[in-house]
Structures are given as structure tokens and as C-alpha cells.
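The structure under discussion appears below in the form of C-alpha cells.
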Amino acid sequence: MELIQTISRLRSELDKLRSEGKTIGLVPTMGALHAGHASLVERAVGENDVVVVSDFVNPTQFNDKNDLAKYPRTLEADCDLLAKCGVTFVFAPSVEEMYPEPDTRSFSYAPLDTVMEGKYRPGHFNGVCQVVSKLFLIVNPTRAYFGEKDFQQLAIIREMVRSYPFNIEIVGCPIVREADGLALSSRNARLSGGERKQALQISATLFASLDYAKEHSLAETKRFVEDRIAQADGLRLEYFEIVDGNTLQSLGEWNESDYVVGCITVFCGDVRLIDNIKYKG
Ligand code: PAF
């Protein structure tokens, strides 16, 4: 495995391999890797001849400077994990390398990017599309891998690939959870022991709502989740929406769609956690 920090070096290595007919898998990450990332990487290693993992905390997708400053940075440990997974290249550029000048490109995929995270984190998905499109242009992968935990991000990236158009297969990978249900996230590292216990109520509530939904309307199920989170110690709900899994628009009744997903964002202390659950589809 080789650690590469410049675009030109990564390009020249990949050009050689591509000319030999090798397939290239890309796993974009912001580092602070955990078993959720490892599952994406292992899948990419199994499906491609060459695997590039980018490890770059992208400043343009943070609308909150504090959140950017506090984002964990663990490149050395990340490289140890990636070497064990059989990755070919880790691409860890500096901010200046990725953005030698400000990126003024603007991406808009309304109404996919105006709801939920788009509403509460203005500019976030624009920044995600800026960095992911740059990575796609640099790496030109055969396939790129993203986790379903960031459900809205995955839908927007699929739309960007369709409309750009990029000739890249987007592979969505299931959420990886701790044994007790907590969805893996780099942000979990910022939870204290007590907060970690409180955060368990998020996945526990989503799982309980699966059963509740069998006997109740969509509006009742939404209220069930909202009330349980409101009553849980240490948690503050930002939003819970039950949406069509393709359009991401809120639904009024279960029978309005065959693909129904509940998306939640909760603050535990000052750590913002997201999760989701599939009701149908
Ligand atoms: O999901 C993430 O970690 C980031 O949004 C991504 C896709 C690596 C872009 O910075």
C-alpha cells in the first residue's frame, strides 16, 4: 500500500494501471476510519483490481467551523487499518492540493438537497459534491462506494453521477452497527461514556418504531419516534422524517410509496448523530 499526497502522482499511477485494463474502486472518506469504513473497503477490494481510499477532511462541506475543527484526524491509524484490508493507494492530499483556489462550482439537486440535512446544514451537500466530483475526476474509478448511513448523501451522489454524467457505478453499502445497535460513525469517538449510553436510544427507538409501524399510521409512527427521543435523557431531536427512499420527500401515508425510509438527526451533547431505518422496500 502506498500513501500518496499529490494529484499528479496518483493520476500517473492510475493511468498506468488503467492502461493495463485494471478496474479501479474508490472509497471516499474523511478518515477517522472504523469498521463501517472497513466494510466499504473490503467490498471494494473484493470487486476491483485496484482500490484507492481517499482520506481528506473536506472543509467545503462543513457549515460549522467548530465541527470542522473538532473532526477527528487519525491518518496513521487509518493507514494501519487500510494496509490490513489490502488497499492499493491511500490518497491524503492537503487542503491546498485539493483547493489551490476556492471552488466556486455550485451543485443543486433540488428537491433532493433542500430537505433534511440540506435544510439544517446549508451548503453541506454543495461541498460534498465539490469534493466527490473532484475525486471522481482525479481517480476516474470504475466503481465508488458509499455508506447508506448517509442516506441523503448517497441519493444526491447517485443523482450527480446520473446528471453530470460520470461513467461510474455507485455502490451503496448497508449501515454497520455496534452489537448494541449504535450506528458506527467517526463522530462516536467524541461521545463520553455517558453520552454513548444515551445515544443508544436513537437506534433503539428506530428499531422499536419498526414494530410500532405495523399497527399504526405513518403520522403516529413519526410522533412515536419524536416523543421517545424527546423523553430520552441527553438527546435533542433535530428532525425525524419518513420519506420516499428515492425522492426523499416526506410522506403522509404508508401506501404512498413502496420504498419508505425514516431519517433521523439527533444531538447527543454537542455531537450531531444521524441514522436511518427502512420501513418498506
Ligand atoms: O461521507 C463522508 O465521509 C464524506 O461526506 C465524503 C463522501 C467522504 C466527502 O467528503
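In listed order, ligands and their atoms are each counted from 1.
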Write out the residue and atom name of the closest protein heavy atom to atom 3 (O) of ligand 1, then the distance separating them to 0.1 Å.
Met30 CG, 3.7 Å
Just which atoms of ligand 1 are under 4.0 Å from any heavy atom in [X]?
{"X": "Val131", "value": "9 (C), 10 (O)"}
{"X": "Pro28", "value": "8 (C)"}
{"X": "Gln153", "value": "1 (O), 2 (C), 4 (C), 5 (O), 7 (C)"}
{"X": "Gln61", "value": "4 (C), 5 (O), 9 (C), 10 (O)"}

Electrostatic pair Asp64-Arg272, nearest N-O below 4.0 angstrom
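Here Asp64 does not pair with Arg272 in a salt bridge, since their nearest N and O are not under 4.0 Å apart.
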Between Tyr120 and Tyr239, is the ring centroid distance below 6.0 Å?
yes
Does the gap between the ring centers of Phe166 and Tyr164 come in under 6.0 Å?
yes
Answer side chain, backbone, both or neither: which part of Thr29 comes under 4.0 Å from ligand 1, heavy atoms only.
backbone
Distance-only, no hydrogens or angles: does the Glu220 side chain make a donor-acceptor pair with backbone N or O of Ser217 under 3.5 Å?
yes
Plane angle bin for His216 and Tyr212 - parallel if under 30°, tilted between 30 and 60°, otherwise perpendicular:
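Answer is parallel, since the angle falls under 30°.
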